[in-house]
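Okay, structure first, notes after.
Side-chain atoms are counted along with the backbone in the values below, which use heavy atoms only and exclude waters and symmetry mates.
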Amino acid sequence: MPTPSPSSWLTRHTRPDRPARRLVCFPHAGGAASFYRPWARYADPSTELLAVQYPGRENRFREPLVPAMDPLASAVAAELLALPPLPTVFFGHSMGAAVAYETLLRLEGAGAVHVTRLCVSGRSPDDAAGPAIRTDDEIVEAVMSLGGTHAAVLDDPDMRELLLPVLRNDYHLIDGYRRPADAPPLHADVHALTGDRDPRVTPAEAAGWGALTSGAFTLTVLEGDHFYLVPAIEEVARLAMAPARPLPV
């Protein structure tokens, strides 16, 4: 029996008739669900690949942006809790790593045990908060310094004008976010991934995620910068889609 269609918060990139496992992907600042569409080619026929679609972009372009972590993660958690439980892996890159972590805290707090692994990419667990206020030029400079999908299109004035409200919102959100010091340890396993030349996080900093879980921890360092996962798409997608451990009986 096919699974129900996700809400506007979730974009389905694969549609298995009988899904056995689920991968939920969380985009980076300024990113959208389509960033993970190419991962579908690496999914086996039983893997349901979903990507979170934050408001204000793509099919949700006319919806208000969400400027703070708590309402964002809480809304995503509510949508995921409404889905039939399957052995599930979360993958989040950069800002998406923080959103995935906060979403998982809420799911585990609600008693959910079906998310068995959290993959956090391109971010340390305690990234220092950024400037309280960034000018548009500072935001563009920050994005350009990291490379990735937005760096080239920001040279186009029309595209820059279109993307800036989303980037401004997301940088405000993540600059103001601090991981709660009293958060309980995760039950899910954690896999941290990073590029060996990422200017935002060193491998040693990425290894700090291991202290946030009572489960197993793995660190993978791949060649590349902050967006190492673009040229290494197949390897990263296959690592993320590796079978999750069985659910507790």
Side-chain angles (χ1 to χ4, degrees), residues 23 25-39 41-42 51-52 89-101 117-131 134-156 159-160 163-164 166-168 170-179 189-213 216-242:
L23 173 63
C25 296
F26 295 73
H28 51 280
S34 61
F35 180 78
Y36 293 102
R37 183 182 298 126
W39 288 31
R41 70 175 67 109
Y42 307 111
V52 175
V89 173
F90 283 0
F91 181 96
H93 178 63
S94 198
M95 182 185 88
V99 182
Y101 168 74
R117 187 166 75 249
L118 169 66
C119 297
V120 282
S121 167
R123 184 175 176 86
S124 76
D126 292 304
D127 257 4
R134 290 183 191 246
T135 67
D136 287 351
D137 286 343
E138 288 171 337
I139 291 171
V140 170
E141 183 180 356
V143 173
M144 299 285 277
S145 71
L146 296 176
T149 54
H150 293 311
V153 298
L154 285 172
D155 285 331
D156 182 311
M159 290 301 299
R160 175 170 167 158
L163 286 172
L164 263 175
V166 173
L167 288 167
R168 193 183 300 123
D170 291 359
Y171 269 78
H172 172 80
L173 184 155
I174 201 61
D175 284 346
Y177 167 72
R178 298 296 288 171
R179 183 180 64 83
D189 298 338
V190 174
H191 187 172
L193 303 96
T194 190
D196 61 359
R197 300 188 307 278
D198 189 335
R200 286 296 307 274
V201 56
T202 66
E205 290 168 339
W209 287 101
L212 305 189
T213 180
F217 175 72
T218 306
L219 174 66
T220 296
V221 181
L222 298 174
E223 183 179 356
D225 57 18
H226 189 64
F227 281 93
Y228 73 93
L229 70 170
V230 174
I233 178 174
E234 181 173 1
E235 183 173 2
V236 175
R238 294 195 186 282
L239 285 171
M241 286 188 250

Indicate yes or no for a side-chain donor-acceptor contact from Asp170 to the backbone of Gly30 under 3.5 Å, with no hydrogens or angles considered.
-> yes

Can you tell me how far the OH atom of Tyr36 sits from the CD1 atom of Ile233, to the nearest 0.5 Å?
-> 10.5 Å

Considering non-hydrogen atoms only, spot the tightest contact between Ala207 and Leu219 and give its length.
-> CB-CD2, 4.1 Å

Donor-acceptor contact present, side-chain Arg117 to main-chain Ala240, <3.5 Å = yes

Contact check, side chains of Leu164 and Val140, non-hydrogen atoms, under 4.5 Å = yes

With no hydrogens and no angle check, is any side-chain donor or acceptor of Ser34 less than 3.5 Å from a backbone partner on Arg37?
-> no

Closest non-hydrogen atom pair, Phe26 against Ala100 = CD1-CB, 3.6 Å

Classify the ring geometry between His93 and Phe35 as parallel (under 30°), tilted (30 to 60°) or perpendicular (over 60°).
-> parallel

Is the shortest heavy-atom distance from the side chain of Leu239 to the side chain of Cys119 under 4.5 Å?
-> no

Which is it for Leu167 and Val143 under the side chain to side chain contact (heavy atoms under 4.5 Å, CB included) test, yes or no, and what are the steps along the way?
-> CA-CA 9 Å; Leu167 288 167; Val143 173; 3.9 Å; yes

Looking at side-chain heavy atoms only, is the closest gap between Glu205 and Arg123 below 4.5 Å?
-> no

With rounding to the nearest 0.5 Å, note down the distance linking CG in Leu229 to CG in Leu193.
-> 9.0 Å

Side-chain contact test, heavy atoms from C-beta onward, threshold under 4.5 Å: evaluate it for Val89 versus Met241 and give yes or no.
-> no

Taking atom CZ of Phe90 and atom SG of Cys25, what is their separation to the nearest 0.5 Å?
-> 10.5 Å

Decide yes or no for Tyr101 and Leu212: does some side-chain heavy atom of the first lie under 4.5 Å from some side-chain heavy atom of the second?
-> yes

Does any N or O in the side chain of Asp196 come within less than 3.5 Å of the main-chain N or O of Gly224, such that one atom is a donor and the other an acceptor?
-> yes

So do the side chains of Tyr228 and Asp198 get within less than 4.5 Å of each other, counting heavy atoms only?
-> no

Give, for atom CD of Glu138 and atom OH of Tyr171, the distance between the pair rounded to the nearest 0.5 Å.
-> 11.5 Å

Of the non-hydrogen atoms in Pro203 and Val221, which two are nearest, and what is the gap between them?
-> CB-CG2, 3.8 Å

With Arg200, which of Asp225, Thr194, Asp127 fulfils side-chain hydrogen bond (donor to acceptor under 3.5 Å, both in side chains)?
-> Asp127

Please report the shortest heavy-atom distance between Tyr177 and Ala98, naming the atom on each side.
-> CE2-CB, 3.8 Å

Rounded distance (nearest 0.5 Å) linking atom CD of Glu141 with atom CG of Asp136 = 13.0 Å

Note: Ala192 and Ala206 closest approach over all heavy atoms is CB-O, 3.7 Å

